[in-house]
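Inspection log for the structure reproduced underneath, given as structure tokens.
Chain A is the first sequence line, chain B the second, and so forth, proteins listed ahead of strands; every chain is numbered from 1. What you see below is based on every heavy atom in this structure, not just the backbone, and it leaves out hydrogens, waters and symmetry mates. Remember, it's a predicted structure, so these values are computed and weren't measured experimentally.
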Amino acid sequence: MLDLFARNRVATLLVILVVAYAAIGAAAPGYLSGATASTVLASSLVLMLISLGTMVVIVTRNIDVSSGSVLGLSAAVLGLSLNAGVGLPLAVALCMLTGVAAGAFNGLMVAYLGIPSIVATLGTLGLYRGIMLVMTGGRWIEDLPQDLKALAGNLGLGFSVLTVVVVAIIGGLWLFLRRTRFGRFFYAVGDNRAAAHHLGVPVRRVQFSAFVATGACAALASIVYSAQIGFIPNQAGNGVELKAIAVNVLGGVSLLGGTGSVAGVVAAVIFITSIDSALVFLKIPAYWNDFIAGALLLSVLLLDGRIRQVIDHRIRARRYAVHDRTPVVEGRDQTSKALEAGL
Amino acid sequence: MTKDLAAGRVAVLEDIWKSYGAVPVLRGVSLALGAGEVHALLGGNGAGKSSLMKIIAGIIPANSGRIEINGQFLTHASPALAQELGLYLVPQEAHILPNQSVLENICLGLRASPRALRPRVRTLVQELSVAIDLDAQAATLEIAERQIVEILRGLVRDARVLILDEPTSALTPFETRALFDRVRKLQMQGVGIFFISHKLREIREICSTISVLRDGIIVLSGSLDDYNDGEIVKAMSHVQTSAEGEKTSILAKVAQIGQPRLSVRGLSGEGFRDISLEVRAGEILGLAGVVGAGRTEFAETLFGLRKQFAGSVHLDGVELSQRSPRLCIDKGLVYLPEDRQQNGLFLEAPLFWNVSSYLIHRLPFFLRSSQERLSFDGFRNSMGIKCTSAGQAARGLSGGNQQKVLMAKCLSARPKVLILDEPTRGVDVAARNDIYALIRTLAADGVAIVLISSDFDEIEQLADRVQVMAFGQHGGALVDDISVDAIAKLAFGASEANHA
């Protein structure tokens with residue numbers, strides 16, 4: 001049982017989520033409904049995209065703190081071109097291109113110029129936000145055309161076009177990281193860079209690709225963001241990068257690289273968003289949100305850390321138990337075999 | 001097919017030059033390796049062996065020169081290309097991905113999936129007769145098991161050229177034997193092997209040709225039978241240390257062996273039980289055994305790093321019951337750990353920090369680095385540590401010099417009892433002789449020394465008395481007739497006698 005929770009962060013999160021839902025459902029009847037589910041799903045999309053993008057970078061043992069600014073910059077490109085009369089498909093393409101270019105610049109600095117990722121992306125965090133402010137003159141972009149807002153419209157069962165796209169990305173990313181050779185390289189690079197290089201893994205290309213993917217995810221998130229709220233404030237996406245990193249940690253992605261799963265991140269995003277929606281439903285003032293989310297994050301991590309310690313302890317005890325029971329007999333078997341075979 | 005491949009040469013190096021900044025490391029090295037040839041490559045620390053091998057394997061680029069593997073040129077430095085051409089480098093320090101399974105570690109970088117390769121890997125594991133769980137997480141592996149993963153990587157890649165960089169430094173004698181059998185089989189299949197080792201006995205056993213590198217050039221090359229050990233050691237370094245070493249040894253034995261310093265009674269802990277021993281001032285006690293016999297666990301328990309289950313430890317007649325590393329250091333019981341990269345050195349810190357780190361709690365609040373440097377320079381001169389300055393980062397030093405820095409760190413605590421765990425692993429012959437001489441001098445000065453080693457030659461040369469551990473228990477003791485054979489017999493448990 002303990003092993004299950006330690007190995008599987010998704011299981012831990014789901015159990016806590018079910019308990020939390022049951023408690024809130026009991027306290028406030030009417031919370032558990034299809035409407036709640038579709039609200040949670042819709043409002044999780046932006047964080048989902050940013051968190052998945054950030055995860056790809058963290059798995060390769062880098063970090064990206066610029067994705068909130070990339071979101072803002074891509075949104076500005078989208079909004080400005082739409083308001084200049086550019087058609088929606090072209091505007092979306094320009095927006096995506098902006099995100100990819102911003103990610104590629106991060107990747108260039110980290111993978112090819114050897115700048116530590118925290119430093120490089122801290123720099124672009126300011127830089128990209130600055131470009132956005134210069135482009136918009138610091139003003140909000142309003143009066144976005146209806147066809148953009150229609151993307152967030154309900155197709156049925158609370159799904160919009162955007163939801164479908166995000167679900168497809170989740171599936172695609174899972175397939176890529178779990179089932180492809182190039183996907184495995186991401187884990188290898190994060191786990192032990194020197195070893196990966198030694199075994200012929202194209203380390204730099206992998207690191208570069210990870211940043212490009214993050215940029216693309218941030219651009220996509222900017223489209224979701226603009227479609228959902230219908231205007232673009234000049235602080236769009238501000239701070240979402242830190243929330244995404246917290247989500248990754250909660251979802252079992254190690255900041256030391258090499259581990260983490262798409263399922264864990266998805267579960268963590270749903271978890272965090274559910275809490276936000278539950279607080280609204282329970283009429284707790286919105287200024288409590290950050291406090292409660294932070295406290296919950298810490299509790300899950302502390303619990304997880306304790307479980308891991310218990311398990312490590314058990315593994316260690318089991319390993320050395322061999323010596324305590326019948327050391328000589330066991331040893332003798334091995335050695336006599338060894339002697340027959342080799343000496 | 002080129003002329004070289006037709007002549008049966010699987011790897012050819014021509015006029016390789018390499019320098020780091022202004023420091024030349026390789027100065028025009030040419031080497032050829034034939035199919036089925038096991039070619040020993042020797043050289044002191046810093047002679048350029050590692051750089052040369054990394055260049056062949058495409059890990060670092062050469063400044064100039066040509067490399068041909070299996071008749072094709074290695075056109076640019078790329079490990080992937082070198083492996084495609086049929087070359088694999090088994091490095092000395094295994095490259096492990098701790099979060100992945102053993103199988104995934106072995107198969108990473110190959111086109112086929114781990115699942116498809118499983119049967120082949122399993123066959124190789126059986127042929128090597130090693131016990132390793134393919135599904136275990138690699139982080140749980142011991143040093144020896146990590147080495148085996150690297151060797152399996154080379155085998156599963158069907159390499160035509162293998163470079164084995166000190167492959168036996170972490171293996172038990174039995175595993176070494178199995179590896180050598182495997183090497184002979186590969187040799188018959190026409191695989192060419194560069195074999196890097198510091199152990200001449202091993203080289204004699206398995207290699208046919210030899211090249212010695214010194215200061216970036218090849219100073220000796222040819223058939224192994226044409227050279228005796230003395231000539232080889234001499235070629236590696238101008239300094240002839242072994243005769244000197246013998247003399248100190250005699251001096252040390254003559255020195256008075258005094259009062260019991262450390263006495264351990266019935267100590268049990270993780271991985272060992274009921275171990276008793278006594279070391280006197282000026283005595284070198286060899287604690288022999290194979291990898292996994294529980295010696296490191298014993299030493300770590302002694303030093304307060306692990307929990308003790310039963311038993312008592314007395315230092316100069318005073319019981320140390322609640323031990324912590326700091327208490328042990330303060331009382332003069334000092335431990336030199338086995339894995340210097342992981343447990344011993346601060347790799348990024350200057351050398352003088354490393355040396356004074358043991359006594360950090362005794363230093364004044366405001367550090368005076370001039371004094372620390374001074375004390376480091378003392379050790380540097382007396383131990384012959386090769387470095388550019390006291391402020392150099394430890395990472396930049398060769399293995400032998402890193403080990404000397406670690407010894408200096410231990411000595412700065414003025415130990416009464418010194419526990420040395422594998423003090424010469426991965427250290428070249430010259431530096432090894434320096435370390436042996438140092439150990440003897442320390443003993444002559446009245447330090448009680450516990451020498452843990454899997455290298456039975458080393459124990460035979462240094463120890464006044466030997467105690468053997470096998471499978472976590474007391475395996476026997478030797479006082480007068482200390483020989484490699486006698487130690488090996490005890491280390492494998494009583495079973496050999498039963499079996500015979």
Side-chain angles (χ1 to χ4, degrees), chain A residues 7 59 61 178-182 184-205 252-254 256-261 312-313 315-343, chain B residues 54 57-59 78-84 88-89 91 93-100 104-105 107-111 113-114 129 131 138 140 150 153 172-178 180-181 268-273 290 293-294 297 309 470-473 488 492-496 498-500:
Chain A
R7 252 186 272 122
V59 161
R61 199 168 186 171
R178 281 290 132 172
R179 292 269 179 268
T180 69
R181 219 162 73 85
F182 198 63
R184 173 66 57 78
F185 287 173
F186 282 70
Y187 288 97
V189 168
D191 209 342
N192 184 340
R193 192 166 175 263
H197 179 60
H198 176 88
L199 292 169
V201 172
V203 173
R204 291 177 169 183
R205 209 186 320 151
V253 181
S254 163
L256 298 176
T259 57
S261 70
D312 280 353
H313 200 78
I315 291 175
R316 203 162 152 166
R318 211 176 300 148
R319 183 179 202 166
Y320 288 116
V322 178
H323 290 283
D324 287 341
R325 267 178 244 133
T326 50
V328 180
V329 176
E330 234 197 50
R332 195 170 285 167
D333 281 356
Q334 268 174 14
T335 352
S336 44
K337 242 188 276 164
L339 290 165
E340 273 166 40
L343 299 174
Chain B
K54 280 183 187 160
I59 295 167
S78 147
L81 178 63
Q83 287 176 31
E84 217 164 278
Y88 188 75
L89 164 70
E93 310 271 350
H95 288 305
I96 289 295
L97 307 164
N99 288 307
Q100 311 223 347
E104 284 167 341
N105 261 281
C107 300
L108 182 80
L110 291 170
R111 294 215 169 270
S113 73
S129 28
T140 62
E150 273 293 359
R153 275 180 183 156
T172 65
F174 169 62
E175 285 165 336
T176 302
R177 203 143 301 214
F180 282 7
D181 286 344
S268 294
E270 290 172 333
F272 66 94
R273 64 193 308 191
V290 297
E297 287 87 347
F309 298 158
F471 310 109
Q473 292 186 316
F492 278 111
S495 59
E496 193 177 19
N498 294 355
H499 194 73

Restricting to side chain to side chain contact (heavy atoms under 4.5 Å, CB included), what partner residues turn up for B/P91, sequence neighbours left out? A/H198, B/H95, B/E150
Rounded to the nearest 0.5 Å, the CG atom of B/N99 sits from the OG1 atom of A/T259 at a distance of 5.0 Å
Donor-acceptor pair, A/R184 side chain versus B/G109 backbone, under 3.5 Å? no
Work out which heavy atom in B/L97 is nearest to a heavy atom in A/A188; give both atom names and the distance. CD2-O, 3.4 Å
Answer key: most heavy-atom pairs under 4.5 Å with chain B among A/G190, A/A195, A/S254 is A/A195
Per-residue contact mode, B/Q100 against chain A (heavy atom under 4.5 angstrom): both
Using the test side chain to side chain contact (heavy atoms under 4.5 Å, CB included), find all partners of A/R193 that sit at least two apart in sequence or belong to another chain. A/V203, A/Q207
Under 4.5 Å from a heavy atom of chain A, the part of B/L89 involved: both
Drop me the distance from B/N105's CG to A/D191's CG, to the nearest 0.5 angstrom. 7.5 Å
Side chain, backbone, both or neither of B/R153 within contact of chain A (heavy atoms, under 4.5 Å): side chain
Separation between CZ (A/R179) and OG (B/S113), nearest 0.5 Å, reads 10.0 Å
Under a 4.5 Å heavy-atom cut-off, does chain A meet the side chain of B/F180, its backbone, both or neither? neither
Should B/P79 and A/L199 count as side-chain neighbours, where that means a heavy-atom distance under 4.5 Å? no
